[in-house]
Every structure is written in C-alpha cells, then in structure tokens.
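For reference, the structure is listed below as structure tokens.
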Amino acid sequence: MRSHAQRDARAEQGLAWARAQLSRPALALRPLAGDASFRRYFRLEDGPSSWVLMDAPPEREDSTPFLDVTLRLRSAGLHAPRIDAADTKGGFLLLEDLGDQLLREVLTANSADHWFAELLDLLAQLATTVAVDGLATYDRPRLQAELELFPEWYLGRHKNIQLSCSQLDLWEDLATRLMVSAEAQPQAFVHRDFHSCNLLVLPDGQLAVIDYQDAVLGPLSYDLASLLWDRYISWPRNRIEAWSETFRQRAAPSFDPAGWQRAVDWMGLQRNLKIVGIFARLHHRDGKTGYLDLIPRFWGYVRETLKRYEDFHAFDQLLEELACAP
C-alpha cells in the first residue's frame with residue numbers, strides 16, 4: 001500500500017492540476033469518502049463554487065471506463081456527473097459536484113415506496129436507453145470468477161475450510177445453475193453496484209448515478225438484485241416481490257412472473273456470494289478491515305435464498321454442517 005506521505009503527494013499533485021485546469025489558484029481541497037477501490041475523492045472549493053476531484057492512480061485504476069460510461073449515461077439523458085477535465089495518464093478527473101445527499105440517508109421503511117417509484121423508473125431507463133455497444137459482457141467466465149471468490153476467500157482464506165471433492169460437486173452444481181439462469185435473461189446495461197450508496201439525491205429531488213465505471217452488458221435482473229439486497233437496509237419479502245414484479249412489467253413484460261422472481265432471487269444469490277468473498281478479500285488482501293462487519297447481512301441474504309429453493313437445499317445444509325457463519 002502507498003504510504004501516507006505518498007497519498008498526500010497525490011493530493012497535492014491533483015490540487016495543482018485542478019487549479020491549472022480551472023485557472024483558480026485559490027482552490028482549496030477537502031477529502032471526501034472513498035470506496036472499496038484505490039480511487040479517492042476530494043471536494044475542491046473556491047468561494048461558493050465547487051467541484052469533485054477523482055484521484056485514480058494509473059498504476060492501480062484505469063479511468064477511461066469511467067469516462068466512457070459517463071458519456072453513455074449523459075447521452076441517454078440520465079444524471080451522471082459532468083466531466084470538466086480529465087488527465088487519464090496522471091489519473092485525475094475533475095467532476096461536477098452533485099452534492100453529498102446519499103440515497104442511503106433518506107431511504108427508510110416509511111419513504112421506500114416514494115423512492116422505489118423513482119428507482120424502478122431509473123433502472124428501466126438504464127436497461128432500455130443506455131447504449132451498450134462495445135461494453136464488456138457479463139459472460140460465464142466473469143460470473144464464474146466472481147462466484148469463486150466465495151470458496152477461495154471466504155471459506156478458504158477467512159474460515160480455513162477446504163471443500164472435499166463431494167462438497168465441491170455441490171458448489172459447482174449451484175454455480176452452474178446460477179450462471180445458466182443469468183445467461184437465460186435478457187441482456188442489458190448493468191451498472192454492477194446499483195445501491196443506495198451509489199445514488200445521490202439532487203436538490204430538485206431527482207437521482208444521480210455514481211460509481212458506474214465497471215458497467216457491462218449483462219443480465220437484466222442484476223441491478224435490481226443489487227438494489228433489493230442492499231448493503232445497509234433489508235427489505236421484507238413482500239416488498240421485494242412487489243418491486244420485482246413492477247420492474248418486470250416495465251422492462252421485461254414477456255417474462256413469466258414466477259420465472260422472473262426466481263431469476264431475480266438467483267441473481268441476488270450470485271451477487272451476494274460474490275460480495276461475501278469480496279469483503280473477505282478486502283480484509284485479508286487489502287487490509288480494509290471494516291468490510292468484515294458487513295458480511296453478516298449478506299450471509300443472511302445467501303442463506304435465506306438457499307432455503308427458499310429446493311435446488312439449493314443440499315448446499316445450504318453443507319454450510320450448516322461446516323459451521324462457517326460469520
């Protein structure tokens with residue numbers, strides 16, 4: 001990992017670059033929250049004017065996908081930050097400041113119906129209006145690689161559990177079923193991390209999308225599953241099913257309703273197994289210990305779905321026997 005002095009040097013370098021781009025020598029810099037990647041964000045202020053500086057170290061992060069997807073979203077009329085300047089070689093982007101109001105901070109059980117009306121509209125727009133030509137595909141090798149994070153990093157590294165041959169057969173059967181289900185869905189624009197911390201509420205009440213640089217062409221239900229099985233708030237089953245059906249009617253009306261709900265559930269299972277593995281990897285490989293505290297919620301999501309479908313009862317029983325809960 002980079003030293004504190006090196007991180008400060010990057011910040012100073014980015015500030016100098018932004019001052020030159022904006023011709024504002026008095027511009028001041030203030031750190032903002034980062035994310036699970038190596039990117040960092042700063043607010044740049046000069047009196048009442050402000051911008052956001054993205055620091056994406058080029059040896060760690062490629063900022064060109066962010067530029068590409070931003071153009072796709074804005075061309076579709078969606079709210080994504082305007083890019084005022086970019087230095088992809090140096091790893092700095094100067095972005096429109098969309099404020100600090102995360103959807104997470106206002107999305108509650110009482111406000112959910114209001115916000116989900118907006119969210120499902122936004123998801124339908126993403127799926128039906130954003131150009132997908134040239135995007136990477138969420139194909140079987142990518143889905144498989146993500147699923148393997150669970151046995152490798154959570155079971156193997158975090159819990160020190162190595163699956164036997166017969167246990168691996170159960171895992172591979174589950175993984176294959178999830179991948180086949182994902183491939184059978186309509187393929188559309190996928191944000192890949194569509195949840196309440198990657199959506200900003202603008203002053204006019206509309207929603208803006210951020211953290212979309214990993215977008216792909218993939219299963220229609222993926223972003224919906226990301227939203228329904230959120231990092232910070234869990235929804236009762238009746239609401240999950242109602243919102244799933246509303247989205248089906250808007251984005252996939254020819255899809256059988258029962259089959260659609262199963263596809264959504266199984267997509268959520270794939271994503272939540274991946275997330276448990278990623279959080280374990282962030283802890284053990286990257287030293288980001290705070291993510292371990294988030295595992296129990298996603299573990300609960302995984303076990304609830306395994307119990308819901310007879311196809312997965314054997315694997316659910318295996319997890320019970322392994323006593324590998326967080």
Side-chain angles (χ1 to χ4, degrees), residues 32-36 41 43 52 73 77-81 97-129 190-212 220-253 257-258 260-269 271-272 275-276 279 290-305 307-308 326:
L32 295 174
D35 56 33
Y41 299 89
R43 174 161 286 120
V52 169
L73 295 174
L78 296 167
H79 288 281
D97 186 357
L98 297 176
D100 295 314
Q101 183 66 77
L102 293 175
L103 178 63
R104 172 194 170 190
E105 297 163 356
V106 296
L107 181 60
T108 66
N110 291 332
S111 67
D113 287 334
H114 164 75
W115 287 115
F116 265 84
E118 302 288 330
L119 289 163
L120 296 177
D121 280 343
L122 176 54
L123 279 175
Q125 284 183 275
L126 287 170
T128 60
T129 67
V190 175
H191 177 291
R192 286 190 73 191
D193 210 13
F194 190 91
H195 60 75
S196 60
C197 285
N198 285 334
L199 294 158
L200 292 171
V201 181
L202 301 177
D204 63 2
Q206 296 191 63
L207 294 171
V209 188
I210 58 173
D211 205 21
Y212 42 70
L220 178 63
S221 72
Y222 191 90
D223 284 343
L224 177 64
S226 301
L227 179 65
L228 295 178
W229 288 280
D230 191 90
R231 184 177 298 187
Y232 296 105
I233 184 167
S234 299
W235 302 108
R237 183 66 188 182
N238 64 322
R239 280 188 150 179
I240 286 176
E241 292 182 353
W243 291 327
S244 296
E245 173 58 15
T246 298
F247 182 75
R248 183 197 68 82
Q249 293 173 10
R250 296 181 187 182
W260 172 251
Q261 187 59 60
R262 186 179 79 162
V264 174
D265 287 338
W266 288 23
M267 196 77 259
L269 179 58
R271 173 175 166 79
N272 293 326
I275 287 174
V276 171
F279 287 171
Y291 285 91
L292 287 186
D293 294 337
L294 300 175
I295 287 179
R297 182 184 299 274
F298 289 95
W299 181 263
Y301 292 157
V302 166
R303 295 298 301 276
E304 191 277 335
T305 303
K307 295 178 189 304
R308 185 172 295 279

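The figures here come from the full heavy-atom set of this structure, side chains too, leaving out hydrogens, waters and symmetry mates. Numbers here simply count residues along the sequence, with the first being 1. All of these numbers come straight from a predicted model, not from anything done at the bench.
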May I have the step-by-step check of side-chain contact (heavy atoms from CB on, under 4.5 Å) for F279 and R231, ending in yes or no?
CA-CA 12 Å; F279 287 171; R231 184 177 298 187; 4.1 Å; yes

Go through it in stages, so that I can follow the logic: the residues are Q101 and L200, the test is side-chain contact (heavy atoms from CB on, under 4.5 Å), and I'd like the CA-CA distance, side-chain angles, deciding distance and then a yes or no.
CA-CA 6 Å; Q101 183 66 77; L200 292 171; 5.7 Å; no

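Contact check for Y232 versus L107: no side-chain heavy atoms found under the 4.5 Å cut-off. Two residues are said to be in side-chain contact when any heavy atoms from C-beta on lie closer than 4.5 Å; P257 and R248 meet this criterion. Between Y301 and S234, some side-chain heavy-atom pair lies under the 4.5 Å cut-off. Contact of the Y222 side chain with the F194 side chain is not registered, since no non-hydrogen atoms from C-beta on lie closer than 4.5 Å. I240 has its side chain out of reach of V264: every pair of non-hydrogen atoms, C-beta onward, lies at least 4.5 Å apart. Using a 4.5 Å heavy-atom cutoff, the side chains of W260 and S221 are in contact.
Considering CG of D265 and CG of N272, their distance stands at 10.5 Å, rounded to 0.5 Å. Note that the CG atom of L120 and the CD atom of Q249 stand 10.5 Å from one another [nearest 0.5 Å]. Rounded to the nearest 0.5 angstrom, H195 NE2 and L227 CG are separated by 10.0 Å. Annotation: the span from Y212 atom OH to L78 atom CG amounts to 10.5 Å, rounded to 0.5 Å. Note that CG of L228 is 9.5 Å distant from CH2 of W235, once rounded to the nearest 0.5 Å. Of the inter-residue distances, the one linking I210 atom CD1 with L199 atom CG reads 7.5 Å to the nearest 0.5 angstrom.
Checked against salt bridge (Lys or Arg N to Asp or Glu O under 4.0 Å), R43 has the following partners two or more places apart in sequence or in another chain: D97, D100. Listed by chain and residue number, R271 satisfy the salt bridge (Lys or Arg N to Asp or Glu O under 4.0 Å) test with D193 (two or more places apart in sequence, or in another chain). Listed by chain and number, the residues in a side-chain hydrogen bond (donor to acceptor under 3.5 Å, both in side chains) with Q125 amount to none (sequence neighbours excluded). Listed by chain and number, the residues in a side-chain hydrogen bond (donor to acceptor under 3.5 Å, both in side chains) with T305 amount to none (sequence neighbours excluded). Remark: E241 pairs with R237 by the salt bridge (Lys or Arg N to Asp or Glu O under 4.0 Å) rule, at least two apart or across chains.
Closest of all the heavy-atom pairs between L202 and A208 is CD2-CB, 3.9 Å. The nearest pair of heavy atoms linking A80 to L98 is C-CD1, 4.3 Å. For P81 against V209, the heavy-atom pair with the smallest separation is CD-O, 3.6 Å. The two residues L207 and L119 come nearest to each other via the heavy atoms CD1-CD2, 3.7 Å. The shortest non-hydrogen separation linking N198 to H191 is ND2-CE1, 4.2 Å.
Among residue pairs with one or both ends in residues 103-117, those qualifying as salt bridge (Lys or Arg N to Asp or Glu O under 4.0 Å) are D113-R239; sequence neighbours excluded.
Aromatic ring orientation, F116 versus W243: parallel (interplanar angle below 30°, classes split at 30° and 60°).
Of the possible donor and acceptor atoms, one in the side chain of D223 sits under 3.5 Å from a partner among the backbone N and O of R192.
The pair D121-R250 meets the salt-bridge criterion, with a side-chain N (NZ, NE, NH1 or NH2) lying under 4.0 Å from an Asp/Glu carboxylate O.
Of the listed residues (L103, T108, L102), just one forms a side chain to side chain contact (heavy atoms under 4.5 Å, CB included) with V106, and that residue is L103.
Atom CZ of R297 sits in a crowded spot, with more than 12 heavy atoms from other residues, nucleotides or ligands closer than 6.0 Å.
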